[in-house]
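Let me begin by presenting the structure, written as structure tokens, before commenting on it.
Every chain is numbered from 1 and lettered A, B, ... according to where its sequence line falls, protein lines coming before strand lines.
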2 protein chains.
Amino acid sequence: MKQSAICPKFEKAISLLSQRWTALVIYQLLSEPQRFSEIQSAIGISGKVLSDRLKELEQFGLVKREVIPETPVIIEYSLTDKGKSLEPVLKAIENWSQTWITIEAD
Amino acid sequence: MKQSAICPKFEKAISLLSQRWTALVIYQLLSEPQRFSEIQSAIGISGKVLSDRLKELEQFGLVKREVIPETPVIIEYSLTDKGKSLEPVLKAIENWSQTWITIEAD
DNA sequence: AAACTTAGTTACATAAAGTAACTTAAAGTA
DNA sequence: TACTTTAAGTTACTTTATGTAACTAAGTTT
């Protein structure tokens, strides 16, 4: 029984990125900082799960939540450097998808 | 209400890769073709879910299942070209994880 | 004051994943 | 021959994650 030679850092990264919605939220924030409701309608995630994901991503240091005291108050989510550093990963997926994924018309 | 400008191919790729275990299974097969039980013990996935994932990946054209009529019979799973083409994606994640993920000792 | 918007939260329903025992087929062992 | 083991799954059941929709709190517009 040869046990997992899988690097724990890699495993942790994978478990982060393979949570549903996580990659899409990051991808969405890659273009620009956004508000809760913008992310929500852009990717079609429920408020509950988006709320969960943003908290996790914040804890993980990938996303920053900022309260902008305009009137009315704006709550803006943006990527930290760590978050932005995932861009190559997302781009690699994007690239791959253009070559290998087909969408069947129905 | 500006609706999803997200590319459907990208979205499909993301929904594939952000299913739990999918990326790890592919990563594992990247090194060499393997048998069911090898994958299972290497990444610590349950038989049930591995079975599900392998079927999905086969349907998706990423993995090939081959019955090798040795004695005893060997069932070998390997990546197709489409599967292998995910290597840059997995490597990008691996790279990222080495720079940005920390494992806390406890 | 009444109605609306933003950023959530709560309660409940459904779907996905984990666990452990079981199955089937072939092979090895007593 | 009967008994056990191994590989590759499957099944039944439990736990966890996600989805849905209604609700809240604070401020805004009418």
Please report, rounded to the nearest Å, how far the [atom2] atom of [N] is from the [atom1] atom of [X].
X	N	atom1	atom2	result
B:Leu24	C:dA17	CG	P	13 Å
B:Ile45	D:dA8	CD1	P	15 Å
A:Ile43	D:dT18	CD1	P	13 Å
A:Leu50	D:dT18	CG	P	13 Å
B:Gln19	D:dT16	CD	P	20 Å
A:Ile68	D:dG27	CD1	C1'	17 Å

Report summary line: C:dA30 -> Watson-Crick or G-U wobble partner, both distances under 3.5 Å, gives D:dT1

Carboxylate-amine/guanidinium proximity below 4.0 Å for [X] and [Y]:
X	Y	result
A:Glu56	A:Arg53	yes
B:Lys84	B:Glu87	no
B:Glu104	A:Lys12	yes

Requested in this report: Would you tell me if any nitrogen or oxygen in the side chain of B:Trp21 comes within less than 4.0 Å of OP1 or OP2 on C:dG18?
Outcome: yes

Could you run down the sub-3.5 Å N/O contacts of the protein with nucleotides 3-9 of chain C?
| unit_1 | atom_1 | unit_2 | atom_2 | d |
| --- | --- | --- | --- | --- |
| C:dT6 | O3' | A:Arg35 | NH2 | 3.1 |
| C:dA7 | OP1 | A:Arg35 | NE | 3.1 |
| C:dA7 | OP1 | A:Arg35 | NH2 | 3.3 |
| C:dA7 | OP1 | A:Ile75 | N | 3.4 |
| C:dA7 | OP2 | A:Ser37 | N | 3.4 |
| C:dA7 | OP2 | A:Ser37 | OG | 3.2 |
| C:dG8 | OP1 | A:Arg65 | NH2 | 2.7 |
| C:dG8 | OP2 | A:Tyr77 | OH | 2.5 |
| C:dT9 | OP1 | A:Lys55 | NZ | 3.2 |
| C:dT9 | OP2 | A:Ser51 | OG | 2.5 |
| C:dT9 | OP2 | A:Lys55 | NZ | 3.0 |

Report task. Kindly say whether B:Leu62 contributes a backbone atom to a donor-acceptor pair with the side chain of B:Thr80 at under 3.5 angstrom? Result -> yes

Query raised in the report: In terms of the nearest nucleotide of DNA chain D, which residue is placed more toward the 5' end: A:Glu56 or A:Pro72?
Result: A:Glu56

Report summary line: Contacts of B:Phe36 meeting ring pair (Phe, Tyr, Trp, His ring centres under 6.0 Å) (sequence neighbours excluded), chain-then-number -> none

Report summary line: Residue pairs meeting salt bridge (Lys or Arg N to Asp or Glu O under 4.0 Å), one or both in residues 90-99 of chain A, sequence neighbours left out, come to A:Lys91-A:Glu94

